[in-house]
Each structure stands twice: as structure tokens, then as C-alpha cells.
Colleague: 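Got a structure for you, questions after.
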Amino acid sequence: AAAERLRTAVAGVTLEEHPDLTVTTSAGVAARHATMAHYTGLVARADKALYEAKRLGRDRVALDGGPTAPLSGDGATLFRGAVDPSPVTP
């Protein structure tokens with residue numbers, strides 16, 4: 001929920017110097033699970049989710065599939081999906 005609020009807030013930003021430019025945010029979200037021995041696993045899953053959000057078209061939040069999801073594979077096996085699958089329209 002926090003990542004989606006951030007994405008929405010950034011989508012409303014207008015740069016005074018370049019009002020014709022659109023600002024977007026993509027985010028990858030992952031939760032730490034008891035099976036993760038070190039924070040690097042959490043960072044790796046969040047990073048994979050970020051790249052999935054970008055692959056899906058940017059300006060969205062993608063969620064990691066959890067501790068049983070493989071760190072490799074297609075989007076259907078690695079991610080539950082985007083929080084908001086449609087791009088923001090200003």
C-alpha cells in the first residue's frame with residue numbers, strides 16, 4: 001500500500017522547467033520470510049520485482065511471490081502481479 005501511494009504521489013509531480021515531461025515510478029516489493037537467512041535474499045527478491053514492474057510497462061508496483069517462488073522464471077511463476085496493472089493517466 002505504501003509503495004502504491006508513493007507511485008501515485010510521484011505521478012502527480014510536474015517539473016516547472018519541463019512541464020511536458022511525465023514523471024513515473026516503478027517499485028518492487030518483497031517481504032522478509034523466516035526462511036531467509038540474510039537480508040540479501042530480501043533485496044534480491046525486491047530487485048526482481050522491480051524489474052518485473054518495469055517489464056510490465058513501468059509506472060507500477062510489482063509484488064514478489066514469496067519464499068517458495070523461484071528467483072528465476074517467468075513473471076507468472078515469480079510474481080503475484082502488479083498492484084495496479086494499468087498505467088497512471090495524468
Side-chain angles (χ1 to χ4, degrees):
E4 181 61 16
R5 285 193 305 271
L6 175 63
R7 187 196 64 76
T8 302
V10 170
V13 170
T14 303
L15 303 173
E16 289 181 23
E17 302 84 17
H18 302 282
D20 54 323
L21 292 180
T22 303
V23 180
T24 63
T25 302
S26 295
V29 178
R32 186 182 178 279
H33 301 281
T35 58
M36 292 180 183
H38 199 265
Y39 75 90
T40 55
L42 176 63
V43 172
R45 289 188 178 281
D47 190 52
K48 288 279 189 181
L50 169 62
Y51 282 98
E52 180 66 1
K54 290 180 177 185
R55 186 188 71 76
L56 291 170
R58 300 179 184 247
D59 199 31
R60 62 192 68 232
V61 176
L63 305 174
D64 169 60
T68 58
L71 276 176
S72 60
D74 64 13
T77 59
L78 183 58
F79 301 96
R80 292 185 194 133
V83 171
D84 179 6
S86 59
V88 171
T89 6

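When reading the values below, keep in mind they use all heavy atoms of this one structure, side chains included, and skip hydrogens, waters and symmetry mates.
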Colleague: Please identify each residue that fulfils side-chain contact (heavy atoms from CB on, under 4.5 Å) with Leu42, with sequence neighbours left out.
Modeller: Ala30, Arg32, Met36

Colleague: Find the distance between CG (Leu63) and CZ (Arg45) and round it off to the nearest 0.5 Å.
Modeller: 13.0 Å

Colleague: Once rounded to the nearest 0.5 Å, what's the spacing between atom CG of Asp47 and atom CG of Asp64?
Modeller: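 Those atoms lie 11.0 Å apart.
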
Colleague: Given the rule that I, L, V, M, F, W and Y join up when any side-chain heavy atoms are under 4.5 Å apart, are Leu6 and Val23 in one cluster?
Modeller: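 Linked, Leu6 and Val23 end up in one cluster.
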
Colleague: Applying side-chain contact (heavy atoms from CB on, under 4.5 Å), can you list everything that pairs with Ala27, at least two apart in sequence or on another chain?
Modeller: Ala3, Val61

Colleague: Holding to side-chain contact (heavy atoms from CB on, under 4.5 Å), I want the full list of residues that pass it with Ser26, two or more places apart in sequence or in another chain.
Modeller: Leu50, Ala53, Lys54, Arg58

Colleague: Once side-chain contact (heavy atoms from CB on, under 4.5 Å) is applied, do any residues pair with Val43, and if so which ones, sequence neighbours excluded?
Modeller: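 Per chain and number, Val43 pairs via side-chain contact (heavy atoms from CB on, under 4.5 Å) with Tyr39.
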
Colleague: Not counting sequence neighbours, which residues clear side-chain hydrogen bond (donor to acceptor under 3.5 Å, both in side chains) with His38? List them please.
Modeller: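 Per chain and number, His38 pairs via side-chain hydrogen bond (donor to acceptor under 3.5 Å, both in side chains) with Thr40.
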
